[in-house]
Amino acid sequence: ALEAAYLKSLFHLGQMDEFGRRWDLAGERHKADAELPLYHAAYLAGAGPVGTQAEGKRRLDSVLSDPARRTLANRLLLLVAARRTDAALYEDALLRLAEHQDDSLLDHVGFWRLLAATGRREEAVKLAQAYPHPPDAPAETVQLAQTYVALGLRDYALEFLQRYAPKFAYADRVWVTYAQLLMEAKKWEELRELALRIRREDAVRDRLAGFSFYLEGRAELALDRRENAEAAFQKVAGARFENRALGLTTARNLLRLGDPG
């Protein structure tokens, strides 16, 4: 069971060379897991040795009419299509998933990104703006906002985050992403307001207080209110950062702003 879980993890992480090596070492053990042959077929279709793509694709296609295996086969085909930069293959698998209501928001996000990567950005933009379903989780919210930005829809992304940040107010990633986009857009008054808003949210106030003071100081500095900025940055130095990576990034940004103290 652990071997099967490890192989699937390697596949989803995109470590295909290691997947292939480990598959060869697994011997008969992989036969105990009903899903692994489909993973191996997807490996052959997308990243296997030269000449194996057609065979891998044929194996996946052969189970598309099997209700017990079609969802996994289509999901693996999405990954194969992304790896092969094949928008048509991705779209076919996505439509089959949608037909059985097995598609997810992130499946559609992957399609929009693939369209943009293959020179069909306008089509991707239309699909992204027309997508009707709201995000169900913080990770979806962040991915969707970042995809809007990648498609050239920064203002749309900011409006989206303004609308959905309250729904996922407990999620650090949503607030951090929102702040990063505001800084990139140089919307300093909105960034200052976001800093204050974070400190009003019970769910994240203690964890993100130091980061919020950095945001406030960054906005004040850009607005040429240096005394206010200095006061905010002093509060950053005394704050507790549970998220060590965020603390390190904040410290690095303070150094870049010329405030090593």
Side-chain angles (χ1 to χ4, degrees), residues 1-120 123-137 139-140 143-144 147:
L2 288 174
E3 185 72 28
Y6 187 66
L7 279 164
K8 293 173 188 177
S9 297
L10 288 172
F11 185 94
H12 285 290
L13 288 169
Q15 296 184 20
M16 296 303 177
D17 289 343
E18 180 62 13
F19 176 92
R21 187 188 72 82
R22 191 82 183 194
W23 175 271
D24 292 337
L25 291 175
E28 296 295 311
R29 283 177 289 172
H30 55 68
K31 293 184 178 179
D33 186 280
E35 295 180 341
L36 269 181
L38 293 181
Y39 276 86
H40 187 245
Y43 160 74
L44 295 177
V50 175
T52 63
Q53 289 192 348
E55 173 60 18
K57 173 76 162 45
R58 185 194 65 75
R59 292 185 197 177
L60 290 171
D61 288 344
S62 70
V63 301
L64 292 177
S65 59
D66 179 357
R69 294 186 288 174
R70 69 186 176 208
T71 299
L72 176 60
N74 280 310
R75 289 204 169 282
L76 291 171
L77 281 168
L78 295 182
L79 297 174
V80 170
R83 190 169 185 88
R84 287 164 51 166
T85 322
D86 189 335
L89 177 60
Y90 195 111
E91 186 174 19
D92 288 344
L94 182 59
L95 289 173
R96 287 191 295 269
L97 286 169
E99 181 182 353
H100 298 287
Q101 298 183 330
D102 290 324
D103 57 319
S104 72
L105 185 152
L106 294 184
D107 296 333
H108 289 269
V109 166
F111 184 48
W112 308 334
R113 285 183 172 271
L114 185 55
L115 286 176
T118 53
R120 297 162 63 183
E123 184 180 350
V125 167
K126 289 179 181 179
L127 289 172
Q129 291 179 317
Y131 187 75
H133 304 298
D136 290 323
E140 290 184 347
Q143 285 267 18
L144 199 48
T147 299

Closest heavy-atom contact between [X] and [Y]?
| X | Y | answer |
| --- | --- | --- |
| Arg22 | Glu3 | NE-OE2, 2.9 Å |
| Ala124 | Ala116 | CB-N, 4.2 Å |
| Tyr90 | Ala81 | N-CB, 3.4 Å |
| Pro135 | Leu105 | CA-CD1, 3.9 Å |
| Leu114 | Ala87 | CD2-CA, 3.7 Å |
| Leu44 | Pro49 | CD2-CD, 4.3 Å |

What pairs with Glu123 under side chain to side chain contact (heavy atoms under 4.5 Å, CB included), at least two apart in sequence or on another chain? Leu115, Arg120, Leu127
Quick one: which residue pairs count as a salt bridge (Lys or Arg N to Asp or Glu O under 4.0 Å) with a foot in residues 32-49, not counting sequence neighbours? Lys8-Asp33, Lys8-Glu35
Knowing that exactly one of Lys57, Gln53, Arg58 qualifies, which makes a side-chain contact (heavy atoms from CB on, under 4.5 Å) with Glu55? Arg58
Do [X] and [Y] have side-chain heavy atoms sitting under 4.5 Å apart?
| X | Y | value |
| --- | --- | --- |
| Val80 | Asp86 | no |
| Leu79 | Arg83 | no |
| Trp112 | Leu144 | yes |

[atom1] of [X] to [atom2] of [Y]: how many Å apart, nearest 0.5 Å?
| X | Y | atom1 | atom2 | result |
| --- | --- | --- | --- | --- |
| Leu94 | Leu89 | CG | CG | 11.0 Å |
| Gln143 | His108 | CD | NE2 | 14.5 Å |
| Leu97 | Arg75 | CG | CZ | 5.5 Å |
| Leu76 | Leu38 | CG | CG | 6.5 Å |
| Glu18 | Leu25 | CD | CG | 8.5 Å |

Other residues, nucleotides, ligands: >12 heavy atoms within 6.0 Å of Asp17 CG: no
Heavy-atom count around Leu2 CG within 6.0 Å, excluding the residue itself: above 12? no
Ionic contact status for Asp102 with Arg96, cut-off 4.0 Å: no
For Asp107 and Ser104, indicate whether the former's side chain and the latter's backbone hold a donor-acceptor pair under 3.5 Å. yes
Looking only at atom types and distance, does a side-chain atom of Arg84 sit under 3.5 Å from a main-chain N or O of Ala45, one as donor and one as acceptor? yes
According to the interplanar angle, ranging from 0 to 90°, do the rings of Trp23 and Phe19 count as parallel (below 30°), tilted (30 to 60°) or perpendicular (above 60°)? parallel
When the ring centroid of His12 is compared with that of Tyr39, is the distance short of 6.0 Å? yes
